[in-house]
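Shown next, in structure tokens, is the structure this report addresses.
So that the names make sense, note that chain A is the first sequence line, chain B the second, and so on, each numbered from 1. Computed from heavy atoms alone, side chains included, the values below leave out hydrogens, waters and symmetry copies.
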Amino acid sequence: MSVVTNTTTIGAIEAPSRRNTELALLVFAVAIPVFAYANVGLAMTGSLPSGMLGYGLGLGMMAGVAHLVVRKFAKYADPLFLPLATLLNGLGLVLIWRLDQSPRLITQAKRAYGAFSPSAPHQLMFSALGVALFIGVLLLVKDHRVLQRYTYISMFVAMLLLILPMFFPAKFGARIWITIPGLGSIQPGEFVKIILAVFFAGYLMVKRDALALASRRFMGIYLPRGRDLGPILVVWAMSILILVFETDLGTSLLFFGLFVIMLYVATERTSWIVFGLLMSAVGAVGVASFESHVKARVTAWMDPFACYKTSGACEQIGNAIMSFGSGGTLGTGLGQGHSDLIGFAANADFILSTVGEELGLAGMMALLLIYGLIVERGVRTALAARDPFGKLLAIGLSGALALQVFVVAGGVMGLIPLTGMTMPFLAAGGSSVIANWALIGILIRISDTARRPAPAPAPSPDAEMTQVVRP
Amino acid sequence: MNKPLRRIAIFCGLLILSLMIRDNWLQYVRADELNANDFNRRVQIERFAHERGNIITADGQTITGSTETTGTDFKYKRSWKDGPMWAPVTGFASQVFDATQLEKIEDGILSGTDNRLFFDRTLSMFTGEKKQGGNVVTTLNSAAQKAAFQGLGDKKGAVAAINPQTGAILALASTPSYDPSVFAGSSNKDSQAYKTLLDDKNSPLLNRALRQTYPPGSTFKVVTAAAALENGLYSSIDEPTKSPVPYTLPDTASKPLNNEGNIPCENATLKVALQWSCNTVFGKISADLGNEKMKAEAEKFGFNKQIFNPVRTEASIYPKDNRPQNAMAGIGQASNRATPLQMAMVAAAVANDGKLMKPYMVDTLQAPNVDVLSKTQPEQMSQPMSAATAQKLQKMMEFVVTDGTGTSAQIPGVTVGGKTGTAQHGVDNKDNPYAWFISYAKSGDGSPVAVAVVIEGSDTTRDDIAGGKLAAPIARGVMKAVLDGKK
């Protein structure tokens, strides 16, 4: 397996920085949502929305500032991350704004809470905060290897953030929120995925040799030693605990998946994958058989229409599936579907059904490809990174993103049981959009380091001494 | 570490790929099925998103409409002009309680989803025209319908009128009626109104002209007379029938069948027997012919099967029965039951020289741009009797109107044939009888109208003239309305 292929994104010395490519792509990433915004306005009210200029300028400013910071502080970064994230965030804002206009949701909110407050302005504010954090990451973390120092602090912070929601009341059947009086609530799970990736990367970089080499061979696979099984068992137990006490299927699946991926990359042992799959199967089946919230979700997944009239969980997923169905190949057009039938979660967990219904199969394919492209650039960054910590962190973050997209989209489309996580960048939710901008910030930082041209070799004094042997 | 990285890359690719495959499965393969799912509210929303097509009378009057509503996701609701009068024709179309009868059967055309409208839909997609449903043009005559509905007034009953030559239904009235407009929407008020109608013990939602069967009483004697002539029991309507008064029902020791009042029925001819509506004569005819022959003749007139016009009409019943009961069925009692439409068909077959045309009430289906999508061609349903027999019966029925029990159906200068009926019902005949009248009118070129009228539970006298007194004037009004329209 020593075939030499060019898999790195490191070019030759004096490689172009690709900043202008990024800028050109950003123009599209801003223009497309602005057109979408106009489209929604025309479809729903027959006139261009009044906030169009402000929205376009806002998104353009955010993208522009982020671009300038990347140009200055991460000159060699991969040029795709920023435009793709901006495009998703912009489209998300349009979709949320579109759902804000839904008379059905407005009436519903007024009936339930006495008042309706649109989500798009909040989301715009949180997006700005997210970009600010993105800039903060680029400014503060000049080299991603700095993060290595915080391995064990990360572990404590992650544990703390994971345990905290247990002490707060459940919302919509899951304990995944921390409520800070006067400030609103945050969903720590979104931040934990980044912090845990930092911890795993730091921990595994140190322990990988021990985990990889000290093992016995049994029936063709390498069995890890008992004491090396420790960490994986701890993480497994932790995700089961999250599942049981916070009834958060998505987060628990995401963390466990993240750990198995990073462990496998660190040790290069297939046995970990086998163990991971077995353990998650045992955990999932075990919990699903006695935890009522998870059980309801599984029932709804098996046949959403069988229990449609009786269970709220079924009604949501049933409605989502019908949304996709009615979108068909080309969709109904923005603003012209009825995805708001799903109810209060239409702009959060279920925002993908609006894409499915109004942009159709064509729009969904494009959207999934955008997510696929971000993940692919992330994996490429991992391949290109020259230090094991960077490799592990990059694959951890992009793997987490891929898993989250799969878990959410798969849930909404009825491929797997519904989990209640948010579609990165697209869904309404402050924690989610802020955390994901930070995630992109770190990936950009790693890719900048990875693609930065190697310093020119110092001139060797020996070279001049070499004599050419003449015949 | 690059080898596992590449594998993870493949794994991530598979995750995205599986999402894509699932999405194709949902949005491409299963799209139609999901769109037609019963739980899918979009179907309802789409149904009410644009103006529904209209139901139109033969003389061009629009009897339905659409009203814009606010506050729900259903943009339009159905409205009716003269709702109570037309309800037995149109049925209802509610945002919540589905639809019935024509509104339901022709829903595809009216809501614009029918495949025959595919071209129109595609065209309006490009021209940007407002989407609209097609129209249903009925055979109903608005003047006749008005005469029928107003004639019934606050009495409980029904009227069915058809054109004997084509089978086109000209009037269908049923009272007490309801206004479908009051529960067309989805508000609480609408549901309340619907519930009140459902609970009403007079069952206003019942379409008595098509869906209620009554003992036809003496009007059935026309069928019995047809059976007698067709089966050669008598060759002439002026031949004495050799029937005693009173007549004892077969197989019973002493169950005499009497006539209403002191009328000349002993050994009467068919013509006189129909003129005075002699129970003894027709009871004996039915007994002499036997159950099988009577049943066969009744079935030729359309008994014992449902008729779709296209709205379903309840099957009228001529039963398989023992001899005494069969004799009673021959005079329209016992288990003999008929819908008003069925009895109108009996009159129509006589008027149309023995040919029974299949009743229908949808003339044409129109696209929104009034292109004709389909037109109903009149078709013959059966031949219950020969033309000769039919002409004999016409003579008899016309005699009933000129010199018998049906004199109140006379129209100056028009030949009218008719038959009264007063059907007993209830145990031991204790409930109020049903007053019946069936008739037809003739103009120069055959008969343009045959009518059946039934009035339930009137407390007027029980004699056989009741049908003539109560029901005949209504039939006369309907016939006159049709004839006036012809001029």
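Atoms CZ and NE2, on B:Arg41 and A:His338 in that order, are 10.0 Å from each other to the nearest 0.5 Å. The line from CG of A:Asn319 to CG of B:Asn37 is 9.5 Å long, rounded to the nearest 0.5 Å. To the nearest 0.5 Å, atom CG of residue A:Leu383 and atom CG of residue B:Leu5 are 5.0 Å apart. Considering CE of A:Met364 and CG of B:Leu26, their distance stands at 8.5 Å, rounded to 0.5 Å. Note that CG of B:Leu34 and CZ of A:Phe324 are 11.0 Å apart. Values are rounded to the nearest 0.5 Å. If you take CD1 on B:Ile16 and CD1 on A:Ile370, they are separated by 11.5 Å, rounding to the nearest 0.5 Å.
The main-chain N or O of A:Ser326 is never found under 3.5 Å from a side-chain atom of B:Arg42 such that the two would form a donor-acceptor pair. Although no hydrogens or angles enter the test, the distance criterion places no donor-acceptor pair under 3.5 Å between the side chain of B:Arg22 and the main chain of A:Gly410. A donor-acceptor distance shorter than 3.5 angstrom exists from the side chain of B:Gln27 to the backbone of A:Gly356, with no hydrogens or angles considered.
Of all the listed residues (A:Gly372, A:Pro103, A:Gly327, A:Gly360), the one sharing the greatest number of non-hydrogen pairs under 4.5 Å with chain B is A:Gly360. Top candidate by heavy-atom pairs under 4.5 Å with chain B, chosen from A:Leu368, A:Leu369, A:Thr267, is A:Leu368. With respect to chain B, the highest number of heavy-atom pairs below 4.5 Å among A:Gly337, A:Ala382, A:Gly414 belongs to A:Gly414. Most heavy-atom pairs under 4.5 Å with chain B: of the set A:Val405, A:Val375, A:Leu341, this distinction falls to A:Leu341.
In this structure, the portions of A:Pro388 lying under 4.5 Å from any heavy atom of chain B include both its backbone and its side chain. B:Leu17 does not touch chain A: none of its heavy atoms, backbone or side chain, sits under 4.5 Å away. Using a 4.5 Å cut-off between heavy atoms, B:Asn35 touches chain A through its side chain atoms alone. Residue A:Ser323 touches chain B through both its backbone and its side chain, counting heavy-atom pairs closer than 4.5 Å. Looking at A:Leu401, neither its backbone nor its side chain comes within 4.5 Å of chain B, counting heavy atoms on both sides.
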Please report the C-alpha distance between B:Asn24 and A:Met365 in whole Å, then the side-chain angles of each, then the deciding distance to 0.1 Å, and finally whether the side-chain contact (heavy atoms from CB on, under 4.5 Å) criterion is met.
CA-CA 9 Å; B:Asn24 272 281; A:Met365 289 296 111; 3.6 Å; yes
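When the shell of 6.0 Å around CZ of B:Phe308 is examined, it contains more than 12 heavy atoms from other residues, nucleotides or ligands. Within 6.0 Å of CG in B:Asn188 there are 12 or fewer heavy atoms belonging to other residues, nucleotides or ligands. No more than 12 heavy-atom neighbours from other residues, nucleotides or ligands sit within 6.0 angstrom of NZ on A:Lys110.
Looking at heavy atoms from C-beta onward, B:Phe11 lies in side-chain contact with A:Ile261 at the 4.5 angstrom threshold. Taking the side chain as every heavy atom from C-beta outward, B:Ser18 and A:Phe406 approach each other to under 4.5 Å. Taking the side chain as every heavy atom from C-beta outward, A:Glu315 and B:Phe39 never approach each other to under 4.5 Å.
In this view, B:Pro310 and B:Leu102, B:Ile105, B:Glu106, B:Met361, B:Val362 satisfy the side chain to side chain contact (heavy atoms under 4.5 Å, CB included) rule, not counting sequence neighbours.
Closest non-hydrogen pair, A:Ala402 versus B:Cys12, comes out as CB-SG, 3.7 Å. Here the shortest heavy-atom pairing between A:Val379 and B:Ala9 reads CG1-CB, 3.4 Å.
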